[in-house]
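All values reported here derive from a predicted model rather than from experimental measurement. When a residue number appears, it is its place in the shown sequence, counting from 1.
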Amino acid sequence: MFTLHREANALIYEFNGEFLRIEAWGKNSLRVRSVFQGTLLDTDYALLPQNEIIPEITIEEYQGILRNGNITAIANINPWNLKCTLSFYNQNGTLLLRESGDGGALNKDSRKFSGKIGGDFELLVSFASNPNEKLFGMGQYQMEFLDIKNCTLELAHRNSQASVPFVLSNLGYGFFWHNPSIGRVTFGKNVTEWYASNTKQMDYWITAGNTPDEIECSYSAVTGRVPMMPEYGLGFWQCKLRYWNQKQLLEVAREYKRKNIPIDVIVCDFFHWRHMGDFHFEEEFFPDPKGMVEELKQMGIELMVSIWPQIDLQSENFLEMKQKGLLVKTERGVEICMRFGGESVFFDATNPKARNYVWDKCSKNYYENGIRLFWLDEAEPEYNVYDFDNYRYQLGACAQVGNLYPQYYSRTFYEGLKQQGQDKIVNLVRCAWAGSQRYGALVWSGDIHSDWETFRRQVCAGLNMGLAGIPWWTTDIGGFSGGDPADKEFRELLVRWFQWGTFCPVMRLHGDRASNDRRVFRKDGSEALFTGGDNEIWSFGSENETILKNYILIREILRSYIRTLMQEAHDYGRPIMRTMFYEFPEQEICWTLTDQYMFGADILVAPVMYANMSKREVYLPEGTTWTTIHDQKEYQGGNIVSIDTPLNVIPIFIKDRAKKFLNEISKLFS
């Protein structure tokens, strides 16, 4: 016989080896966990402990009801087979989401645990699908659309893909799959299915909200919020692949200052070391790191340095780390995770001893030289072959916990900097999972190509990343690979991307640009890693330099506005880049717009994302007057307008508190 009862502040269902627990977890929110022939686990992968909430619980013979504010869970027991089906409603009694149920004669299981020989379980959780529903979020996938309904998504990280399993529905709920297993999700027309390839339990969180903002704030309250962005995160960041010596890097910084172009950060990219895992500058090319940092600081520029989690088999630290068990293990075959610039193994970021070891090296070799800003590359991690079942961490098999790696990687440097007394911490990182944001993760979209289609994908990726709870996000302006600074067509793409980058959470120019002189040699004649072509704003022609400089100046003019957006992200978890429906959920058309967005509440951004585009249409939400920044023309909301887009113009419309910047910005277009 089944049991349906109250246990403290939770509703419990037990039958045929399953133990199901539903409990209040934050405002208007519930956590649902289930195990099969086991003990419920209090995992804290992303969900943070919450103050105790006493929900209203009612139990009848074949039904249990739990209410927490605006959300209600109903557990219905089928008298025929005693299986339990869960449904979730809002405060108005409107159905938000329900499990697919047993299907009558089909005799299915909404929560299907399938035992793995010698291990734990595969898990498939099924929900009924509303074919008219719109779904958003889930992190960063390289797709040219926002609504992920009718999509199947891999729950795994890859270079340029960050799986953050939180989805927001236009029906008024948010759903978080609190499971770091490698898997997939299908938002089908007939069914929604969440699949974990290797897990111990089912664990998800659901919230009800009247607006997207209410849902997002509830989600960030239980998974954590970003620190306050440091002041140098508000301006322009200069980067390329790669400044291969100290002299070159400093000369670029000096040239920006000589040209009176504001710059907050300059980045020293990968292989400033000899071997991956050495975690220090190669002395021949960077003889005085401390002096380099001091000169940059005198110019008002912070230095960011690249860190890779790979440990080369030739690294000075490899044997010690291997002996201490600080490296990722392979289940079969040769113990090599990646082959680039040497054969290497990743350090095991889930191991606290490994995190301490890596930070200790970076603290001595970077932090003590004045460096406070780290670029955590390869954070997925980027395995040479993505055979996720072939790797094992201290925390467990990669197939079971692998999606946690980037969160722990960010945590390594966040906690290290915290111990040094730092407060406003930001780490540029190439991947994230839920909870990464609380460790100062600024995610960028990976090694993307330099073309228009890829550009369009980034706009959607950034918006869905924000909805997935990662408000700090950026791209390589111009794309990472395939750009030739001398090519007229690439220059147009670069300018358009740069204009859009002005209105991203962080504005960062980066890329592996074409060059006829890529080889780098040491004094002894040995070859170091290659470098790339010039990637400074004066590298793309004098006319374009003027345009790019003006957009850097626009970023500077908006610095106080951007600071308020960063404060909102810190205080409430709001994204910086916001879908149109985030700010205007009552306007149905805003749920369908993919090529324009809000930068905070008062700036509407309409990027130019096609070559030779001389005009573009923009929908202006009703209820306000909108003003363009380039010519100060006013437009009434509730209309679609056509705007001329010469190369120096990206359609930007402002309202309310941003209007005070109009006069200063418009001077740049005169």
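Applying the 6.0 Å contact sphere to CD of Gln567 captures more than 12 heavy atoms from other residues, nucleotides or ligands. Other residues, nucleotides and ligands contribute more than 12 heavy atoms inside 6.0 Å of the CZ atom of Arg518. The number of heavy-atom neighbours closer than 6.0 Å to NZ of Lys353, taken from other residues, nucleotides and ligands shown, is 12 or below. Remark: Glu283 CD is loosely packed, at most 12 non-hydrogen atoms of other residues, nucleotides or ligands lying under 6.0 Å away. The 12-atom threshold is exceeded at CD of Glu255, counting heavy atoms of other residues, nucleotides or ligands nearer than 6.0 Å. For Asn516, the CG atom sits in a loose shell: 12 or fewer heavy atoms of surrounding residues, nucleotides or ligands are nearer than 6.0 Å.
Side-chain contact between Arg522 and Glu282 is present, with heavy atoms from C-beta onward closer than 4.5 Å. Counting heavy atoms from C-beta outward, Glu382 and Trp308 have side chains that stay 4.5 Å or more apart. With contacts defined as side-chain heavy-atom distances shorter than 4.5 Å, the pair Ile182/Asp389 does not qualify. The side-chain heavy atoms of Tyr408 and Leu395, taken from C-beta on, include a pair separated by under 4.5 Å. Using a 4.5 Å heavy-atom threshold, the side chains of Glu231 and Lys424 count as separate.
At a threshold of 4.0 Å, the pair Glu568-Arg578 counts as salt-bridged, since one of the basic side-chain nitrogens sits closer than that to a carboxylate oxygen. The residues Lys290 and Glu368 are annotated as not salt-bridged, no charged nitrogen and carboxylate oxygen being separated by less than 4.0 angstrom. Salt bridge absent: Arg158 and Glu380 never bring a charged side-chain N and a carboxylate O closer than 4.0 Å. Salt-bridge check for Arg274 with Asp312: failed, with every basic side-chain N at 4.0 Å or more from each acidic carboxylate O. A salt bridge does not link Asp264 to Arg555: none of the charged nitrogens lies less than 4.0 Å from a carboxylate oxygen. Ion pair Glu453/Arg457 flagged as a salt bridge, since at least one NZ, NE, NH1 or NH2 atom sits closer than 4.0 Å to an Asp/Glu carboxylate oxygen.
Under a cutoff of 6.0 Å and an axis angle of 45°, Arg242 and Phe271 do not form a cation-pi pair.
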Quiz item: Would Leu303 and Leu373 count as a side-chain contact (heavy atoms from CB on, under 4.5 Å) if you check the C-alpha gap in whole Å, the side-chain angles of each, and the deciding distance to 0.1 Å?
Solution: CA-CA 7 Å; Leu303 177 64; Leu373 197 51; over 6 Å; no
Exercise. Could you give me the CA-CA distance, side-chain angles and deciding distance for Lys418 and Ile425, then say whether side-chain contact (heavy atoms from CB on, under 4.5 Å) is met?
Key: CA-CA 8 Å; Lys418 263 299 198 192; Ile425 298 169; 3.9 Å; yes
Quiz prompt | Test log, rule side-chain contact (heavy atoms from CB on, under 4.5 Å), inputs Tyr243 and Phe285 | solution = CA-CA 10 Å; Tyr243 298 119; Phe285 299 123; over 6 Å; no
Quiz prompt | CA sep, side-chain torsions, deciding dist, call: Arg355, Asp348, salt bridge (charged side-chain N to carboxylate O under 4.0 Å, His left out) | solution = CA-CA 8 Å; Arg355 295 198 299 272; Asp348 183 359; over 6 Å; no
Exercise. Could you check Glu302 against Arg372 for salt bridge (charged side-chain N to carboxylate O under 4.0 Å, His left out), going step by step and ending with a plain yes or no?
Key: CA-CA 8 Å; Glu302 287 290 325; Arg372 303 292 182 265; over 6 Å; no
Quiz item: Please walk me through it: do Leu249 and Cys268 pass side-chain contact (heavy atoms from CB on, under 4.5 Å)?
Solution: CA-CA 8 Å; Leu249 187 147; Cys268 186; 3.8 Å; yes
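In this pair, Phe503 and Phe599 present their aromatic rings perpendicular. The plane angle is above 60°, beyond the 30 to 60° band. In this structure, Phe236 and Phe498 have tilted ring planes: the angle between them lies in the 30° to 60° band. Ring-plane geometry between Phe661 and Tyr561 is classed as perpendicular, the angle between the planes exceeding 60 degrees on a 0 to 90 degree scale with a lower cut at 30.
Although no hydrogens or angles enter the test, the distance criterion places a donor-acceptor pair under 3.5 Å between the side chain of Gln140 and the main chain of Ser160. When atom types are taken as modelled, the side chain of Asn356 and the backbone of Pro352 share a donor-acceptor pair closer than 3.5 angstrom. For Glu545 (side chain) and Glu543 (main-chain N/O), no donor-acceptor pair under 3.5 Å exists by modelled atom type. Remark: side-chain polar atoms of Arg225 are paired, donor with acceptor, to backbone N or O of Asp571 under 3.5 angstrom. With hydrogens and angles ignored, the 3.5 Å screen pairs no side-chain donor or acceptor of Gln394 with any backbone N or O of Gly325.
Screening Trp497, Trp444, Trp375 for a ring-ring contact (aromatic ring centres under 6.0 Å, His included) with His510, the sole residue that qualifies is Trp375. Evaluated for a ring-ring contact (aromatic ring centres under 6.0 Å, His included) with Tyr366, the options Phe279, Phe281, Trp359 yield exactly one hit, Phe281. Of the candidates Phe346, Phe388, Tyr405, Tyr383 forms a ring-ring contact (aromatic ring centres under 6.0 Å, His included) with just one, namely Phe346. The one candidate from Lys247, Gln248, Arg254 that meets the side-chain hydrogen bond (donor to acceptor under 3.5 Å, both in side chains) condition with Glu251 is Lys247.
Side chains of Thr475 and Gln458: a donor-acceptor N/O pair is absent below 3.5 angstrom, by distance only. A side-chain donor-acceptor contact under 3.5 Å links Ser315 and Asp278. When only modelled atom types and interatomic distance are considered, Arg513 and Asn535 share a side-chain donor-acceptor pair under 3.5 Å. A donor-acceptor pair shorter than 3.5 Å can be found between the side chains of Tyr367 and Gln422. A side-chain N or O of His449 and one of Ser481 form a donor-acceptor pair less than 3.5 Å apart.
Taking the six-membered ring where the residue is Trp, the centroids of Tyr409 and Trp433 are separated by 6.0 Å or more.
Once rounded to the nearest 0.5 Å, the distance linking OG of Ser450 with CZ of Phe490 reads 4.5 Å.
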